[in-house]
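The next block holds one structure in the form of structure tokens; read it before the comments.
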Amino acid sequence: MYNKMANTEERLQQLKAFDESKAGVKGLVDDGITKVPSIFMYKPEDPSAEDIPSFGNPTSQHQFGIPVVDLGDVLAGRPTKVIQDIRRAAESVGFFHVVNHGIPKRLLEEMLEATRGFHELPREVKAEYYTRDPMKKVKYFSSYNLYQSRFATWRDSMFCDMAPEPLDPQELPLVCRDITMEYSEQVQKLGVTLFELLSQALGLKPDHLFGLDCEKEHLIISHYYPPCPEPELTIGTAKHKDGTFITLLLQDHIGGLQVLHENQWIDVLPVPGALIVNFGTLMQCR
């Protein structure tokens with residue numbers, strides 16, 4: 001019992017030291033570490049196919065393509081096809097790529113670049129935004145549940161609370177300020193379109209989900225995964241479900257996203273110019 005308590009206290013001290021450095025995982029990498037610290041070591045409770053993703057296994061027999069929904073069909077006068085495609089994706093996978101969504105490729109690329117730009121700023125600049133205060137509309141930190149989880153995740157994140165209360169652009173870091181505001185406006189418009197189509201996919205009037213205030217809250221989260229010296233010992237994101245109505249995910253060319261489909265982890269390869277739509281738990285019915 002004493003050893004367990006001592007180990008728990010030692011771990012807590014390690015977590016506090018990491019958190020109070022305000023340097024994030026990127027800071028560890030910049031310091032030149034060659035071993036993954038113990039607080040990041042991933043020890044699954046259940047070493048089963050459901051708990052451990054099989055990263056990048058090109059020989060897997062469970063190859064599966066995430067459905068693609070082309071919003072260009074709406075402009076071409078074929079909204080029924082789009083609605084049917086969304087319904088099938090929702091019922092079968094819970095994810096789909098959306099293309100011809102109206103957000104310029106230039107904007108997507110600049111948003112990714114701005115995300116990297118922030119996370120690669122000097123640590124003393126980023127430290128000004130490092131906080132776990134839930135009242136802050138812009139915050140940067142590592143591991144959302146750092147002190148509650150069995151292991152810390154190998155990533156840094158910046159949260160920007162865009163709505164329902166409008167975010168003052170001056171609260172955003174200069175390196176990503178203008179592009180974040182522009183991207184936010186564009187994805188908000190896309191969200192409105194998707195909620196209209198989702199309402200119809202459910203057999204309801206186009207404005208039905210608006211009556212539930214589905215589109216009111218709007219959060220932009222930018223994740224950054226620094227290079228890891230021992231990637232087999234840790235994980236960037238643990239198995240989870242998004243507690244949202246929908247999530248619109250912008251991947252870079254590296255990818256890394258996986259979804260659990262029919263008890264197997266499936267790599268979701270990036271599609272140039274596409275966004276991934278994920279149906280969150282608030283959109284799911286039993």
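Everything numeric in this text was worked out from a predicted model, so none of it was measured.
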Do [X] and [Y] make a side-chain contact, defined as non-hydrogen atoms from C-beta onward lying under 4.5 Å apart?
| X | Y | result |
| --- | --- | --- |
| Leu146 | Phe141 | no |
| Leu197 | Leu71 | yes |
| Thr237 | His223 | no |
| Leu194 | Leu248 | yes |
| Met158 | Phe118 | yes |
| Arg116 | Leu112 | yes |
| Lys26 | Glu120 | yes |
| Phe18 | Pro37 | no |

Pairing of [X] and [Y] as salt bridge, 4.0 angstrom limit:
| X | Y | value |
| --- | --- | --- |
| Arg106 | Glu109 | no |
| Arg123 | Asp31 | yes |
| Asp85 | Arg88 | yes |
| Asp73 | Lys81 | yes |

Indicate the atoms forming the closest heavy-atom contact of [X] with [Y], along with that distance.
| X | Y | value |
| --- | --- | --- |
| Val36 | Glu230 | N-OE1, 2.8 Å |
| Thr234 | Ala152 | OG1-O, 4.1 Å |
| Ser38 | Arg11 | O-NH1, 4.3 Å |
| Ile220 | His218 | CG1-NE2, 3.9 Å |
| Val175 | Ala114 | O-CB, 4.0 Å |
| Pro231 | Cys228 | CD-O, 3.4 Å |

Is there a donor-acceptor pair under 3.5 Å between the side chain of [X] and the backbone N or O of [Y]?
| X | Y | value |
| --- | --- | --- |
| Gln186 | Ile103 | no |
| Asp19 | Lys22 | no |
| His119 | Ser222 | yes |
| Trp154 | Pro226 | yes |
| Lys137 | Glu165 | yes |
| Gln200 | Glu196 | yes |
| His208 | Leu198 | no |
| Asn100 | Asp70 | no |
| Ser143 | Thr153 | yes |

Is there a continuous path of hydrophobic side-chain contacts, each under 4.5 Å between heavy atoms, that joins [X] to [Y]?
| X | Y | value |
| --- | --- | --- |
| Tyr224 | Ile235 | no |
| Val68 | Val74 | no |
| Tyr129 | Met181 | yes |
| Ile39 | Tyr225 | no |
| Leu28 | Leu233 | yes |

side-chain contact (heavy atoms from CB on, under 4.5 Å) between Leu209 and Leu212, worked out: CA-CA 5 Å; Leu209 291 176; Leu212 302 178; 4.1 Å; yes
Worked check of side-chain contact (heavy atoms from CB on, under 4.5 Å) between Glu182 and Leu107: CA-CA 8 Å; Glu182 184 180 359; Leu107 180 57; 3.7 Å; yes
Option from Leu219, Val138, Thr131 for which side-chain contact (heavy atoms from CB on, under 4.5 Å) with Phe159 holds: Leu219
Find the distance between [atom1] ([X]) and [atom2] ([Y]) and round it off to the nearest 0.5 Å.
| X | Y | atom1 | atom2 | result |
| --- | --- | --- | --- | --- |
| Lys139 | Asp161 | NZ | CG | 6.5 Å |
| His101 | Lys189 | NE2 | NZ | 14.5 Å |
| Phe96 | Ile66 | CZ | CD1 | 11.0 Å |
| Arg177 | Cys160 | CZ | SG | 11.5 Å |
| Phe279 | Lys241 | CZ | NZ | 15.0 Å |
| Leu260 | His240 | CG | NE2 | 12.0 Å |

Tyr144 atom OH: more than 12 heavy-atom contacts under 6.0 Å: no
CD/Glu217: more than 12 non-hydrogen atoms of other groups inside 6.0 Å: no
Glu110-Tyr183 side chain donor-acceptor pair, cut-off 3.5 Å: no
Ile179/Glu113 under side-chain contact (heavy atoms from CB on, under 4.5 Å): CA gap, chis, key distance, verdict: CA-CA 10 Å; Ile179 195 65; Glu113 186 60 34; over 6 Å; no
From CA spacing to verdict: side-chain contact (heavy atoms from CB on, under 4.5 Å), Leu167, Thr180: CA-CA 11 Å; Leu167 173 66; Thr180 298; 5.9 Å; no
Full working for side-chain hydrogen bond (donor to acceptor under 3.5 Å, both in side chains) between Glu9 and Gln13: CA-CA 6 Å; Glu9 180 62 26; Gln13 292 303 316; 2.9 Å; yes
